[in-house]
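Remember, predicted model here, so these are calculated numbers, not experimental data.
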Amino acid sequence: MIEYVNQLGGAAPRIGALPQGDAVSLWALDTTLEVVGGHRVAGALPLLDAAERDQAGRRRRQADRHRYLASHVGLRVLLGAHLGLAPERVELVREVCPCCGGPHGRPAVAGGALHFSLSHSADVAYIALSRVPLGVDVEAIPSPDAVVDVLNTLHPDETAELNALPEPGRPVALARVWCRKEAYLKGTGTGLALGLVEPYVGSAPAPAAVPGWTLTDLPAPRGYAAALAVRSA
């Protein structure tokens, strides 16, 4: 398990060299901050591209729009720092979807110099950067009702494992499963298009092995779970 996650706050981050091999630069962010990486969130729109501005505008609640802007400012600050570019000069594209071949696959940096993954839930965002494809996911611990809704959409063995737990332990275990699975699906670029049955990632404290990938549970604030999936170099 990775024991340390860098914290991105209001000041410009101190960035080391680009990650090499399958090394990962991993950051967490409080998305309620007014200033992220030296940039005021309220004035963030000029830093974003048209697609990001459109997505921000679709958030009707001010709090949701602020969280979205904060997480994308953080992403651009970190990418720009690693690539030697101003945040607004980072060009983001979409890869080809591995399911249908459409232009809506994994978000990527134009030119492919660096892979990244962004996840945000409630007031927390995680950002992961690497030379190899990867996915990161952070989730607030779900309610008991949400456990019931999701339980039968998982791999049958995961459903059985969760059903075998006492009810109070199921939300945390489901959060582990969900984060591991979604991190992997983000890394492959399929997302949720093929459902949540595969791959089997398990609900135990340590993730199950997934061929070609390394799954790791991440430290997370109280009330959250997080996981990282990195394609084997």
Side-chain angles (χ1 to χ4, degrees), residues 1-2 5 18-28 51-52 55 71-72 75 78-79 82 90-121 124-139 142 150-159 161-162 173-204 206-218 220 224-233:
M1 180 173 178
I2 294 175
V5 179
L18 281 169
Q20 298 299 316
D22 60 358
V24 176
S25 178
L26 183 63
W27 295 77
E52 290 170 304
Q55 285 296 317
S71 62
H72 281 256
L75 172 66
L78 293 171
L79 287 172
H82 276 295
V90 176
E91 182 181 356
L92 302 180
V93 298
R94 286 279 186 171
E95 295 180 346
V96 172
C97 173
C99 298
C100 69
H104 48 255
R106 289 190 320 142
V109 176
L114 196 60
H115 295 272
F116 71 87
S117 183
L118 164 66
S119 177
H120 47 89
S121 178
V124 175
Y126 275 48
I127 299 166
L129 314 171
S130 183
R131 293 280 196 175
V132 298
L134 78 171
V136 72
D137 193 56
V138 60
E139 300 288 343
V150 173
L151 202 55
N152 291 316
T153 67
L154 305 173
H155 189 284
D157 290 347
E158 292 162 347
T159 300
E161 291 168 10
L162 291 168
L174 174 61
R176 284 199 296 261
V177 173
W178 186 277
C179 288
R180 294 166 184 174
K181 203 169 290 255
E182 187 149 344
Y184 169 82
L185 295 173
K186 286 181 176 181
T188 62
T190 61
L192 300 178
L194 302 179
L196 289 168
V197 175
E198 298 294 342
Y200 171 76
V201 296
S203 63
V210 176
W213 291 78
T214 299
L215 269 60
T216 307
D217 290 339
L218 301 176
Y224 292 84
L228 175 72
V230 181
R231 194 176 75 182
S232 302

Distance-only donor-acceptor pairs under 3.5 Å for side chains of residues 105-113, two or more places apart:
unit_1: R106; atom_1: NE; unit_2: E95; atom_2: OE1; d: 3.1
unit_1: R106; atom_1: NH2; unit_2: E95; atom_2: OE1; d: 3.4
unit_1: R106; atom_1: NH2; unit_2: E95; atom_2: OE2; d: 3.1
unit_1: R106; atom_1: NH2; unit_2: H115; atom_2: ND1; d: 3.0

Shortest non-hydrogen contact from [X] to [Y]?
| X | Y | value |
| --- | --- | --- |
| L134 | S117 | O-CB, 3.8 Å |
| A183 | A227 | CB-O, 3.7 Å |
| E161 | S203 | OE1-OG, 2.7 Å |
| G202 | R180 | O-NH1, 2.7 Å |
| V136 | S119 | O-CB, 3.4 Å |
| A23 | S130 | O-OG, 2.8 Å |

Salt-bridge present (R176, D217; N to O < 4.0 Å):
no
Do [X] and [Y] have side chains that get closer than 4.5 Å, going by heavy atoms?
| X | Y | answer |
| --- | --- | --- |
| L114 | P19 | yes |
| E158 | K181 | yes |
| T188 | W213 | yes |
| L196 | W178 | yes |
| C179 | L228 | no |
| S121 | E139 | yes |
| H72 | L118 | yes |
| V201 | P207 | no |

Once you round to the nearest 0.5 Å, how far does [atom1] of [X] lie from [atom2] of [Y]?
| X | Y | atom1 | atom2 | answer |
| --- | --- | --- | --- | --- |
| L75 | L129 | CG | CG | 7.5 Å |
| L79 | I127 | CG | CD1 | 8.0 Å |
| L192 | K186 | CG | NZ | 9.0 Å |

Assess the residue pair L154 and L174 against the criterion (side-chain contact (heavy atoms from CB on, under 4.5 Å)); give the C-alpha distance rounded to whole Å, side-chain angles, the decisive distance to 0.1 Å, and a yes or no.
CA-CA 10 Å; L154 305 173; L174 174 61; 3.8 Å; yes
Does atom CD of E91 have more than 12 heavy-atom neighbours from other groups under 6.0 Å away?
no
How about CZ on R231, more than 12 heavy atoms from neighbouring residues, nucleotides or ligands closer than 6.0 Å, or not?
no
